[in-house]
> 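Input: one structure, supplied below.
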Protein chains: 2
Amino acid sequence: MTPPPQAATRGHVLVVEDEPALRLLLERSLHQRGYQVSVAPDGKKALSFLETTRPDVALLDWMMPGLSGLELCRTIRQKPGLRDLPVLFLTARTEEQDVIAGLDNGADGYLTKPCSADRLDARLRALLRRTRPVQDIITFGPLTLEPENHQITRSGRPVMLGPTEYRLLELFMHNPRRVFSREDLLERLWGPNVHVEIRTIDVHIRRLRKALNGAGETDLIRTVRAAGYALDDGHASPAAG
Amino acid sequence: MTPPPQAATRGHVLVVEDEPALRLLLERSLHQRGYQVSVAPDGKKALSFLETTRPDVALLDWMMPGLSGLELCRTIRQKPGLRDLPVLFLTARTEEQDVIAGLDNGADGYLTKPCSADRLDARLRALLRRTRPVQDIITFGPLTLEPENHQITRSGRPVMLGPTEYRLLELFMHNPRRVFSREDLLERLWGPNVHVEIRTIDVHIRRLRKALNGAGETDLIRTVRAAGYALDDGHASPAAG
DNA sequence: ACGGAGATGTCATAAATATTTCATGTCCGT
DNA sequence: ACGGACATGAAATATTTATGACATCTCCGT
């Protein structure tokens, strides 16, 4: 049998789309399929988002009020740090002609809407496979996380995680020792307005622990009562009475 | 007369809410969690407040008599000096659809009410993370408190505390040497309307001491007879008032 | 369309820890 | 020595977490 088909997080997509309904649809659809999704209603918001965050790919609506997709793309191509960000356009079929111009301006491809989630997914996958930047391998104690392969190892042994647990660990490893409240985790893993029972976090933490801690190994997840959880190596013995 | 009880504020929040009960609830809840809170009953008042003061984030009710939250937000976005003020909406679940439009008008997010204080807190924290620096490590004598990691050490050794003792020490470390009466402590750790035996404080102080003071170490908690307790290094003169 | 595999979100329940209250013993200042 | 204020240990409660089992759902190959 072949090792891990690992259907984990597949990349961070920024969706820039002015029409609320479609935006929501795209967000849901992509999130459903395991992408981390950020959305912006217009080019301006998108740019300010890109100031602080670097997604793996941007999905731009072609026609937008204000800064159009084309302009946004051009702007992106001018920013030194963003030059390599893959850009995919969403266009109406009638605009297909114009898009040729878009490709000249640095886009990496386009899709005509409406388009199936499958098609979009396939396109993104292809794009990400080709252009996803090489990210540094993160380590913490015996843990190693290779963003590129979505591969995690503990003391050399591969660790299999589901998508959610992967993102959880990823967040932890980017912020070692930091305590995240359950609310924080909900916010950062599920998004701002997703309603999920707060205790569901416990379950994912348990799954993460189970996968991470082999027999006899120390628990790398620290429970901070009344506060949350953190990735931590040395647990001291309790001193309280 | 009474010196201002002061711990480091986590940020300045402007709450704009027309319903008095909810407004008060929000104000208390946020204040309790360490935010500096300003309130306004309507959009007009809010704007005039913003003429002179610049909070870190605005929390707007969606439906309000007079200037609605949406209009207020739009107005804010038009004022040069306020353009960057993060705006968060409070909406009823039934209004959720409309809010998508709100996001197009410059909001940074929304919360559906009723929503737990925890959730609100998490949301605010996420917003403020962008504009406010990470919390600093506090030290006092041999003590170190890292809010980020929920970690306390004395002379390098980790100190394990329960939730209440942690908050107690946190308060003390924000106000070194200051004497807190038991009533003060009850008010600030338990909240305004909680009935707990006043002597319970003693028990928590004892546990804090026990955890803090290893064998042979000096007691860092000073008992001020008939007055309360304070965090204090052992060398302070016993001269009392 | 059908069935299996993998993921997720929820619960109910067991386990672990914390918090409060008490009953008593100590210490302090007068 | 006395009265009031503190310190302490232990028991009774209350809260918070950890777990195992499920019911759904989505994805995929047939």
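Protein chains get the first letters and strands the later ones, always in sequence-line order, with residue 1 at the start of each.
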> How far apart are the closest heavy atoms of Gly11(B) and Leu128(B), and which atoms are they?
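Shortest heavy-atom contact: CA-CD1, 4.3 Å.
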
> Find which nucleotide of DNA chain D each of Ala227(A) and Val203(A) is nearest to by heavy atoms, and output the residue with the more 5' nucleotide.
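Checking each residue's closest nucleotide, the 5'-ward one belongs to Ala227(A).
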
> Could you check whether any side-chain N or O of Arg154(B) sits under 3.5 Å from a backbone N or O of Val159(B), counting only pairs where one atom can act as donor and the other as acceptor?
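No, because the side chain of Arg154(B) does not come within donor-acceptor range (under 3.5 Å) of the backbone of Val159(B).
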
> Distance check needed: dG9(C) P versus Leu168(A) CG, whole Å only.
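Distance, rounded to whole Å: 12 Å.
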
> Output yes when a side-chain donor or acceptor of Asp232(B) lies under 3.5 Å from a complementary backbone atom of Arg177(B), and no otherwise.
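Side chain of Asp232(B) to backbone of Arg177(B): no pair is present.
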
> Could you pull out the closest heavy-atom pair between His204(B) and Glu165(B), with the gap in Å?
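Heavy atoms of His204(B) and Glu165(B) come nearest at ND1-OE2, 2.6 Å.
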
> Determine whether a donor-acceptor pair (one donor, one acceptor, N or O, separation below 3.5 Å) exists between the side chain of Arg206(B) and the base of dG9(D).
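By the distance-only test, yes, there is a pair.
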
> I need the CG-P distance between Leu161(B) and dT17(C), as an integer number of Å.
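In whole Å, dT17(C) P lies 15 Å from Leu161(B) CG.
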
> Whole-Å distance between dT16(D) C1' and Glu183(A) CD?
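My rounded result for the distance is 13 Å.
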
> Within the pair Tyr229(A) and dA18(D), is there a side-chain N or O less than 4.0 Å away from OP1 or OP2?
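Yes, within the criterion.
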
> With respect to the phosphate group of dT8(C), does any side-chain polar atom (N or O) of Thr164(A) fall under 4.0 Å of OP1 or OP2?
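Answer is yes, contact under 4.0 Å.
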
> From CZ of Arg167(A) over to C1' of dG9(C), roughly how many Å is that when rounded to an integer?
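Arg167(A) atom CZ is separated from dG9(C) atom C1' by 14 Å.
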
> Measure CG/Asp219(A) against C1'/dT17(D) and give the value in whole Å, please.
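These atoms are roughly 13 Å apart.
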
> Using a heavy-atom cut-off of 4.0 Å across all strands, would you classify Thr223(B) as base, sugar-phosphate, or nothing?
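Sugar-phosphate, backbone atoms only, no base.
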
> Can you tell me if the side-chain N/O atoms of Arg199(A) get under 4.0 Å from OP1 or OP2 in dC11(C)?
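Checking Arg199(A) against dC11(C): no side-chain N or O falls below 4.0 Å of OP1 or OP2.
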
> How long is the line joining CD1 of Ile221(A) and P of dT19(D), in whole Å?
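Checked: the CD1 to P distance equals 12 Å.
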
> Under 3.5 Å, is there any donor-acceptor pair linking the side chain of Arg209(B) to the base of dA7(D)?
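In this structure, the two groups form no donor-acceptor pair.
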
> As a test of reading the structure: which of dT17(C), dT8(C), dT20(C) is closest to the side chain of His204(A), going by heavy atoms?
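Per side-chain heavy atoms of His204(A), the pick is dT8(C).
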
> Take atom CG of Asp202(B) and atom C1' of dG4(D), then tell me their distance rounded to the nearest Å.
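Computing the Asp202(B):CG to dG4(D):C1' distance gives 13 Å.
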
> Please state whether the phosphate of dT8(C), meaning OP1 or OP2, lies under 4.0 angstrom from any side-chain nitrogen or oxygen of Trp190(A).
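For dT8(C), OP1/OP2 do not have a side-chain N/O of Trp190(A) under 4.0 Å.
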
> What are the two closest heavy atoms between Asp233(B) and Leu220(B), and how far apart are they?
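Shortest heavy-atom contact: CA-CD2, 4.1 Å.
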
> Under 3.5 Å, is there an N or O donor on one side and an acceptor on the other linking the side chain of Arg207(B) and the base of dG9(D)?
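Looking at the base of dG9(D), it does not pair with any donor or acceptor on the side chain of Arg207(B) (distance under 3.5 Å).
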
> Over how many whole Å does the gap from Asn213(B) atom CG to dA7(D) atom P extend?
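After rounding, the gap between these two atoms is 12 Å.
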
